[in-house]
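Below, all heavy atoms of this structure are taken into account, side chains as well, without hydrogens, waters or symmetry copies. Quick caveat: nothing in here was measured; it's all calculated off a predicted structure. Count residues from 1 along the sequence.
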Amino acid sequence: MRAHFSRLAEHLRSQLQAGEAFTLWLSAERTDFVRFNHGKVRQAGQVAQSYLDIKLVLGEKHVSQNLSLAGNDDDLPLIDRILIELRAALQDVADDPYMLLNAVPQSSERLDATALPPSETMVADILAAAEGVDLVGILAAGPVQYGFANSQGQLNWQETVSWNFDWSLYAHGDKAVKRGSAGKVWSSEQLRIEIAEAREQLALLKRPVKTLAPGSYRAYFTPAALAELMSMLNWGGYSEKQLRAKRSPLLKLADGELSFSPMLTVTEDTLQGLAPAFQAEGFIKPDRVPLISAGKYAGSLVSPRTAKEYGIAGNGAGVWESSESLDVAAGSLPHQDVLKALGTGLYVSNLWYLNFSDRMAGRVTGMTRFATFWVENGEIVAPLNVMRFDDSLYRLLGSELEALTVERDLLADPGSYGARSSASARLPGALVRAVNLVL
């Protein structure tokens with residue numbers, strides 16, 4: 001596909017008229033999808049697709065079109081026809097004063113050296129580890145490719161090979177143990193360990209359910225639960241545009257009015273993530289962008305449009321200025337000591353239905369989900385009924401944050417609506433002194 005993409009860019013350059021410029025953005029995948037239910041394979045197939053965004057530029061005017069590629073010579077006449085349509089559309093659009101394209105060509109290529117085993121092998125490992133339990137989930141595995149090219153001769157290419165297994169062990173009613181596993185290297189042993197741990201929690205879900213009264217409780221949030229909390233900050237929190245517009249939930253952090261715990265350090269770590277290291281206007285992303293450093297504001301994600309609008313330096317962020325490769329620094333609490341350190345309180349495996357209850361105060365509300373347990377004296381004693389919490393992230397990740405775990409999980413976005421997502425986050429678990437339960 002890389003050679004074909006380069007050929008399309010060269011062909012388009014040869015068709016340009018005076019004053020015209022273009023950018024190309026390609027996203028492609030070849031993914032094996034396998035769906036499991038009741039511990040058996042219920043559906044298997046492969047998705048192979050390539051999409052190309054063509055942007056035609058004339059002065060400060062631009063128009064674009066998205067195409068589905070065949071990957072062969074049929075794509076050349078298609079591009080010629082679209083080019084004619086884009087030229088006609090340019091006559092009807094206004095100038096865009098905030099358009100900013102990379103004017104200094106920076107070509108690059110990144111190819112993952114890792115290779116996954118055949119999907120049949122991965123499926124066999126999953127079925128062996130989950131024998132005798134009701135496993136439900138979807139495995140997605142294979143290469144995802146991104147490409148950028150422009151009329152100046154710049155060409156960027158990235159191919160990342162990864163897998164993502166979004167799965168649950170179902171117990172009964174609304175009780176299940178939900179997990180997410182992902183990576184660039186497949187380990188049948190690690191998968192066996194994770195499913196074995198889930199089996200232990202599955203047995204605990206058979207105990208009588210406990211209901212808590214509203215109040216304040218100690219709690220441990222697994223990496224998956226912490227990811228849900230951190231995702232709320234991705235609703236404009238890392239965006240320079242939202243900060244300038246006074247709509248960011250991190251406005252008080254940036255102003256120095258509030259802070260998080262010194263234990264909290266958050267970075268956009270493109271180098272270690274799965275997302276492309278370049279973006280649709282041709283700018284190269286830094287390997288790392290500090291966002292929160294030891295609880296203090298460290299910076300924002302700045303798109304080219306925001307950079308031009310405010311006359312500041314950009315850092316390769318996409319148009320939404322949201323994190324695609326989030327990294328939360330590890331702490332000092334070993335995973336094996338989590339229950340002992342928790343003592344008595346909630347073990348929260350998952351959260352859902354999160355929303356802001358007070359955006360500017362960083363206050364969020366949501367529900368516990370699936371395998372959430374009541375712990376006494378360092379031992380799980382009962383599963384909990386679903387509870388609603390309402391609390392400030394500045395409290396949970398600030399004054400009430402007691403420890404972060406040494407171990408961290410790589411959580412890949414399992415989304416595949418339209419195309420497979422390349423967003424990911426690496427997070428520890430979090431022990432907090434108190435979380436406010438309201439219902």
Side-chain angles (χ1 to χ4, degrees), residues 133 168-180 192-230 260-264 328 330-352 364-393 395-409 427-439:
V133 293
S168 301
L169 299 187
Y170 178 71
H172 56 85
D174 65 347
K175 296 296 183 287
V177 181
K178 186 179 189 317
R179 297 287 186 92
R192 185 193 64 77
I193 292 172
E194 292 180 8
I195 292 182
E197 290 176 350
R199 282 177 182 269
E200 294 178 2
Q201 292 189 347
L202 193 67
L204 294 170
L205 288 176
K206 297 178 181 179
R207 296 182 180 182
V209 177
K210 181 180 179 66
T211 299
L212 294 178
S216 183
Y217 297 90
R218 282 177 67 80
Y220 170 72
F221 295 96
T222 67
L226 180 60
E228 292 295 330
L229 293 175
M230 295 300 299
F260 292 110
S261 165
M263 287 180 277
L264 186 68
V328 178
S332 58
L333 176 63
H335 176 72
Q336 64 187 21
D337 295 337
V338 161
L339 292 179
K340 179 180 178 182
L342 175 60
T344 297
L346 286 75
Y347 183 100
V348 183
S349 294
N350 306 93
L351 297 171
W352 67 343
V364 299
T365 184
M367 309 288 289
T368 62
R369 188 184 191 189
F370 296 129
T372 294
F373 298 100
W374 178 247
V375 177
E376 292 182 359
N377 299 317
E379 292 187 6
I380 293 176
V381 297
L384 289 174
N385 272 325
V386 171
M387 297 290 293
R388 173 171 290 280
F389 74 94
D390 190 298
D391 216 327
S392 166
L393 293 176
R395 263 182 31 89
L396 295 177
L397 303 176
S399 61
E400 303 308 304
L401 183 61
E402 187 171 307
L404 296 170
T405 58
V406 176
E407 298 83 0
R408 297 187 296 167
D409 288 354
L427 309 98
L431 178 65
V432 301
R433 297 180 184 90
V435 58
N436 293 322
L437 302 183
V438 294
L439 288 174

So does Pro223 get a backbone contact from the side chain of Arg408, meaning a donor-acceptor N/O pair under 3.5 Å? no
Taking the side chain as every heavy atom from C-beta outward, state whether Trp374 and Tyr217 have any pair of such atoms under 4.5 Å apart. yes
Assess whether side-chain contact (heavy atoms from CB on, under 4.5 Å) is satisfied between Leu427 and Asp409, documenting all intermediate values. CA-CA 6 Å; Leu427 309 98; Asp409 288 354; over 6 Å; no
Would the distance check show the side chain of Glu407 and the main-chain N or O of His335 forming a donor-acceptor pair, the cut-off being under 3.5 Å? yes
Look at the aromatic rings of Tyr347 and Phe373 and report parallel, tilted or perpendicular, splitting at 30° and 60°. tilted
Holding to salt bridge (charged side-chain N to carboxylate O under 4.0 Å, His left out), I want the full list of residues that pass it with Glu400, two or more places apart in sequence or in another chain. Arg395
Supply the atom-to-atom distance Arg433 CZ to Leu342 CG, rounded to the nearest 0.5 angstrom. 13.0 Å
Could you pull out all donor-acceptor pairs under 3.5 Å where a side-chain atom in residues 377-388 meets a protein atom, sequence neighbours excluded?
from: Asn385; atom 1: ND2; to: Thr211; atom 2: OG1; distance (Å): 2.6
from: Arg388; atom 1: NH1; to: Thr365; atom 2: OG1; distance (Å): 2.8

Minimum heavy-atom distance between Ser349 and Gln201, given as atom pair plus value: OG-OE1, 4.1 Å
Scan for salt bridge (charged side-chain N to carboxylate O under 4.0 Å, His left out) pairs involving residues 194-214, sequence neighbours excluded, and state none if there are none. Arg179-Glu197
What heavy-atom pair brings Asn350 and Thr372 nearest, and what distance separates the two atoms? O-OG1, 4.2 Å
Is any side-chain heavy atom of Arg218 closer than 4.5 Å to a side-chain heavy atom of Glu402? yes
Taking the side chain as everything from C-beta on, heavy atoms only, tell me whether Leu264 gets closer than 4.5 Å to Val328. yes
Just how far is it from atom CG of Leu437 to atom OG of Ser216, taken to the nearest 0.5 Å? 8.0 Å
Pairs touching residues 340-352 that satisfy salt bridge (charged side-chain N to carboxylate O under 4.0 Å, His left out), sequence neighbours left out: none
Checking Val432, Leu431, Leu396 against Leu401 for side-chain contact (heavy atoms from CB on, under 4.5 Å), the one that qualifies is Val432
Minimum heavy-atom distance Pro334-Ser332, with the two atoms named: CD-O, 3.2 Å
Taking side chain as C-beta onward, heavy atoms only, is Val348 less than 4.5 Å from Val435? no
Heavy atoms of Leu205 and Ala371 approach each other most closely as CD2-CA, 4.2 Å
Partners meeting salt bridge (charged side-chain N to carboxylate O under 4.0 Å, His left out) with Asp390 (sequence neighbours left out): Arg363
Looking only at heavy atoms, the pair that brings Gly173 and Tyr170 closest together is N-OH, 2.9 Å
Partners meeting side chain to side chain donor-acceptor pair (under 3.5 Å) with Asn436 (sequence neighbours left out): Asp391
Would you mind reporting whether Phe221 and Leu397 have side-chain heavy atoms less than 4.5 Å apart? no
When you compare the side chain of Phe389 with that of Leu351, does any pair of heavy atoms fall below 4.5 Å? yes
Between Gly343 and Val375, what is the shortest heavy-atom contact and its length? O-CG1, 3.4 Å
